[in-house]
2 protein chains.
Amino acid sequence: MFKRVLIAEDMEDINKGVHALLTALGVNDIQQVQYCDDAYLKIKRSQLDNEPFDLLITDLSFKADHRSQKYASGEALVEKINSEFPKLKVIVFSVEDRLQRVRNLFNKHHINAYVCKSRSGLKNLTKAIDEVAKDATFLSPEVANAFSAHNDLEIEDYDISLLDHLSNGLSQEEISVLYQNQHISPASLSSIEKRLNKLRIQFNANNAIHLVAIFKDLGLI
Amino acid sequence: MFKRVLIAEDMEDINKGVHALLTALGVNDIQQVQYCDDAYLKIKRSQLDNEPFDLLITDLSFKADHRSQKYASGEALVEKINSEFPKLKVIVFSVEDRLQRVRNLFNKHHINAYVCKSRSGLKNLTKAIDEVAKDATFLSPEVANAFSAHNDLEIEDYDISLLDHLSNGLSQEEISVLYQNQHISPASLSSIEKRLNKLRIQFNANNAIHLVAIFKDLGLI
DNA sequence: ATATCCCTTACGGGTATCCGTAAAGGATAT
DNA sequence: ATATCCTTTACGGATACCCGTAAGGGATAT
């Protein structure tokens with residue numbers, strides 16, 4: 001089982017709940033922070049002191065307040081941790097249940113477990129800690145199908161950027177010239193129209209507005 | 001101070017935090033539920049037993065699970081409570097910080113306080129309980145300007161419905177015939193165009209897609 | 001080299017949208 | 001009744017979007 005665990009979570013009461021859970025699991029060195037930057041500093045410090053943490057449990061969303069932060073979100077923190085301290089195990093504990101986000105966290109930032117905050121959040125967190133301690137990964141049941149196969153039709157970063165520009169008010173023509181300037185291919189108006197047509201079919205959207213709304217609901221943009 | 005308090009909140013750990021807070025404030029009869037329907041039933045029951053609750057603290061979002069619920073959200077619960085038990089004080093305790101939502105809760109459902117879950121959520125909840133006990137209202141600092149004056153340009157329900165239909169993939173023409181059938185005025189294509197134009201100017205949107213995206217971000221649809 | 005395949009681009013016609021102007025209808029005031 | 005104001009509707013032109021077809025350009029295989 002883990003010995004030194006760090007909790008990054010900006011809601012004090014949840015902080016307490018996770019703390020109580022870890023105590024019950026027999027972890028005696030538990031530290032807590034309410035800001036991502038503090039999390040990074042504590043981890044850095046522990047490495048220098050040769051007493052590294054062996055588990056980080058972090059939320060994704062940290063409300064901004066007066067303190068300006070270098071790492072504004074749990075995602076940014078996780079990315080940094082993964083590149084600088086790849087051996088540190090990471091469990092993300094968040095209300096977020098959008099599959100694309102979860103996929104990204106595993107694929108890009110190599111987290112070890114993802115637990116949804118919900119009715120049985122603490123129960124799942126317990127399981128996650130067990131699995132991660134055994135070098136396995138864990139996925140909350142709410143997002144279990146994030147990696148199921150029936151999601152063949154891949155959505156590329158290009159599609160995301162396209163929809164993002166649309167949602168920011170650019171016309172398809174404007175996006176075309178933008179892509180030409182940025183040397184992003186395909187850039188022609190015709191190709192952009194084709195790609196949007198493919199996505200409309202894929203997502204059962206009637207038109208571009210509908211498509212943007214669907215992407216927003218899915219949390220893709 | 002309050003004697004009988006009901007907490008409706010689907011995350012168990014937050015439930016505990018609020019419970020601990022109320023205990024510290026000297027409330028000795030505290031009950032908790034994790035589903036909106038249970039909240040309604042308990043309140044109904046307490047009325048019949050002539051031992052009514054005098055405060056409800058509820059979340060807004062309850063994740064759906066296997067149990068099908070009559071009241072799916074805290075909003076629906078609050079609406080019902082307000083119409084059936086207008087004397088019961090209500091404090092909403094949620095992460096939601098969209099001003100329009102908060103306004104609606106006060107104006108339409110006459111809640112007594114709104115507290116944002118955040119770092120200092122429990123501190124603000126304490127204040128809210130104090131104020132509500134004194135028959136005053138309370139608004140979390142995060143959403144304090146929900147009722148500030150500089151928001152003159154009113155957004156009507158008509159505008160919301162218009163953007164909602166657009167985001168669901170209807171064309172302006174289709175919305176026009178829909179409104180004619182539903183006897184909603186104005187219904188003509190020209191009027192719909194005019195209204196959208198007004199909103200585009202008001203929200204600095206380049207086109208309808210942009211407008212829908214903005215409305216989604218603002219949580220208006 | 002030729003063929004084949006896939007992706008990108010070009011173009012044209014139909015429809016939807018954006019935007020201005022003007023007419024029609026309702027309510028109120030004089 | 002007439003005038004005035006505001007809202008709703010109608011219409012036309014410019015632009016953007018939707019959709020099909022076809023042409024160009026690489027990459028690979030035969």
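Here is the naming used below: chain letters follow the sequence lines, and residue numbers restart at 1 for every chain. Predicted, not measured: the structure shown is a model, and the values here were computed from it.
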Chemist: Parallel, tilted or perpendicular: which one describes the rings of Tyr40(A) and Phe85(A), with boundaries at 30° and 60°?
Modeler: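 Aromatic pair Tyr40(A)/Phe85(A) classed tilted.
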
Chemist: I want to confirm an ordering. Mapping Ser191(B) and Gln172(A) to their closest nucleotides on DNA chain D, which one lands closer to the 5' end?
Modeler: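 Taking each residue's closest nucleotide, the earlier one in sequence belongs to Ser191(B).
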
Chemist: Let me know the distance between CG of Asn197(B) and C1' of dT15(D), rounded to the nearest Å.
Modeler: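 The answer, rounded to whole Å, is 14 Å.
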
Chemist: Distance check needed: dC17(D) C1' versus Leu163(A) CG, whole Å only.
Modeler: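 For the pair Leu163(A) CG and dC17(D) C1', the rounded distance is 15 Å.
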
Chemist: Looking only at side-chain atoms of Ser190(A), point me to the closest of dA10(C), dC18(C), dT8(D).
Modeler: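 When the side chain of Ser190(A) is considered, dA10(C) is the closest of dA10(C), dC18(C), dT8(D).
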
Chemist: Please give, in whole Å, the distance from dA16(C) C1' to Asn206(A) CG?
Modeler: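 Going from CG in Asn206(A) over to C1' in dA16(C) covers 13 Å.
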
Chemist: Measure NE2/His165(B) against P/dT17(C) and give the value in whole Å, please.
Modeler: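 Interatomic distance, NE2 of His165(B) to P of dT17(C): 14 Å.
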
Chemist: Under 4.0 Å between a Lys/Arg side-chain N and an Asp/Glu carboxylate O for Lys117(A) and Glu9(A)?
Modeler: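 Salt bridge between Lys117(A) and Glu9(A), a charged N being under 4.0 Å from a carboxylate O: yes.
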
Chemist: Phosphate oxygens OP1/OP2 of dC19(D): is one of them under 4.0 Å from a side-chain N or O of Arg200(A)?
Modeler: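 It does, given that an N or O in the side chain of Arg200(A) lies less than 4.0 Å from OP1 or OP2 of dC19(D).
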
Chemist: Is a donor-acceptor contact shorter than 3.5 angstrom present between the side chain of Lys194(B) and the base of dT17(C)?
Modeler: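 Checked by distance alone, the answer is no.
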
Chemist: Return the value, rounded to whole Å, for the distance between atom CD of Glu174(B) and atom P of dA16(C).
Modeler: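 Those two atoms, CD and P, are 8 Å apart.
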
Chemist: So, applying side-chain contact (heavy atoms from CB on, under 4.5 Å) with Ile129(A), which one of Thr126(A), Val132(A), Leu125(A) is it?
Modeler: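 Between Ile129(A) and the candidates, side-chain contact (heavy atoms from CB on, under 4.5 Å) is satisfied uniquely by Leu125(A).
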
Chemist: Look at all strands and tell whether Ser171(A) reaches a base, only sugar-phosphate, or nothing, counting heavy atoms closer than 4.0 Å.
Modeler: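 Sugar-phosphate contact only.
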
Chemist: Heavy atoms from C-beta onward define the side chain here; which of dT9(D), dC18(D), dT9(C) lies closest to that of Ser188(A)?
Modeler: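 Closest nucleotide to the Ser188(A) side chain: dT9(C).
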
Chemist: Could you state the atom-to-atom distance from CG of Asn207(B) to P of dC19(C) in whole Å?
Modeler: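 Asn207(B) atom CG is separated from dC19(C) atom P by 9 Å.
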
Chemist: I need the CG-P distance between Leu196(A) and dC17(D), as an integer number of Å.
Modeler: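 Taking atom P of dC17(D) as the reference, CG of Leu196(A) is at 9 Å.
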
Chemist: Send over the distance from Glu193(B) CD to dG13(D) P, rounded to a whole Å.
Modeler: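 Going from CD in Glu193(B) over to P in dG13(D) covers 15 Å.
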
